[in-house]
Amino acid sequence: MMPLGRSFFARPSLQVAPDLLGCMLVHYTSEGVLSGIIVETESYGGINDPASHAFKGKRTARNEVMWGPAGHAYIYLIYGIHLCFNVVTGQDGDPQGVFIRAVEPRLGMKIMARERNISLDRNNIRKLANGPSKLCTAFCITKDMYGTDVTSAPLFFTAGEDVDIVTSDRIGIDYAGNGANWPWRFLVKDSPYISRKA
DNA sequence: ATCACGATAACG
DNA sequence: GTTATCGTGATC
């Protein structure tokens with residue numbers, strides 16, 4: 001399966017975020033192949049989005065990759081422990097991104113369970129990657145992959161299945177004022193693999 | 001001081 | 001099943 005290319009990501013975040021639902025996230029690691037269907041994303045919309053790290057044109061070492069070309073990984077540490085994984089979208093110079101919040105595991109669940117330090121049984125497959133930091137841990141996405149090109153191996157996306165989509169407001173951005181109410185979170189309808197209910 | 005989170009505890 | 005609490009360290 002061909003990786004999704006630059007042109008897929010070089011579109012507005014509000015188009016890419018829902019389009020990624022149903023697509024595969026794939027990571028070739030030394031442990032084995034990890035993959036899963038993306039079931040939850042959020043759009044972060046550049047300098048006019050009060051929830052965005054680039055709001056009002058803020059440009060720092062941390063968010064620098066957002067300002068570059070689409071299709072690169074924006075990864076950062078939050079709350080001292082947790083990693084977040086985004087894909088840069090939009091045109092070069094327009095700091096947009098899509099935040100990947102949850103994945104339905106397909107390949108490499110045994111490895112994911114080991115990475116997550118939980119036992120693997122039928123009841124907890126949905127807990128392997130049902131959150132932004134959990135999926136980083138499960139998929140062996142580390143901070144040193146900051147800036148990585150995600151249009152080719154080892155970490156990339158492929159086209160997936162058609163899915164029904166629902167929206168909600170975004171999670172964990174109470175600081176964003178009115179922006180906290182925008183319906184920029186996208187979920188696969190009725191998926192049990194999402195981080196929390198819409 | 002703040003934060004795109006999640007494990008745990010203390011409840012049903 | 002639910003809700004509340006708080007650790008953790010890079011960032012600015």
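The analysis underlying the following values was restricted to heavy atoms, covering all of them including side chains, and did not include hydrogens, waters or symmetry mates. In what follows, chains are A, B, ... by sequence order, proteins preceding strands, each numbered from 1.
- Spacing between B:dA1 and C:dC6 at atom C1', rounded to whole Å, works out to 16 Å.
- For B:dA4, the O4'-C1' to base torsion is within 90° of 0; the nucleotide is therefore syn.
- For the contact set between residues 174-198 of chain A and DNA chain C, defined by any heavy atom under 4.0 Å, the members are A:Lys197.
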Dot-bracket notation for DNA chain B is requested: 5' to 3', Watson-Crick or G-U wobble pairs only, both distances under 3.5 Å, with ( ), [ ], | and . as defined.
-> |||.|||||||.

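- Qualifying side chain to side chain donor-acceptor pair (under 3.5 Å) partners for A:Asn124, counting only residues two or more places apart in sequence or in other chains: none.
- Taking the six-membered ring wherever Trp is involved, the centroid distance between the rings of A:Phe139 and A:Phe85 does not fall below 6.0 Å.
- For A:Phe85 and B:dG6, the CZ to P distance is 15 Å, given to the nearest whole Å.
- If you take CG of A:Asn86 and C1' of B:dC5, they are 14 Å apart, rounded to a whole angstrom.
- Counting heavy atoms from C-beta on, the side chains of A:Glu64 and A:Tyr146 come closer than 4.5 Å.
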Sugar-phosphate or base contact per nucleotide [nucleotides 7-12 of chain C; S, B, -; heavy atom under 4.0 Å] | BBB-SS

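- Contacts between residues 105-131 of chain A and DNA chain B, defined by a heavy-atom separation below 4.0 Å, involve A:Arg116, A:Gly131, listed by number.
- Nucleotide B:dC5 holds its C1' atom 11 Å from the CD1 atom of A:Ile171, rounded to whole Å.
- Looking at heavy-atom distances under 4.0 Å, A:Arg170 makes no contact with the nucleic acid at all.
- For A:Tyr74 and A:Phe99, the distance between ring centers is not under 6.0 angstrom.
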Quick one: which protein N/O atoms are closer than 3.5 Å to N/O atoms of nucleotides 9-12 of chain B? Pair and distance per line, please.
none

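- One interatomic measurement links the two molecules: NZ of A:Lys134 to P of B:dT8, which rounds to 11 Å at whole-angstrom precision.
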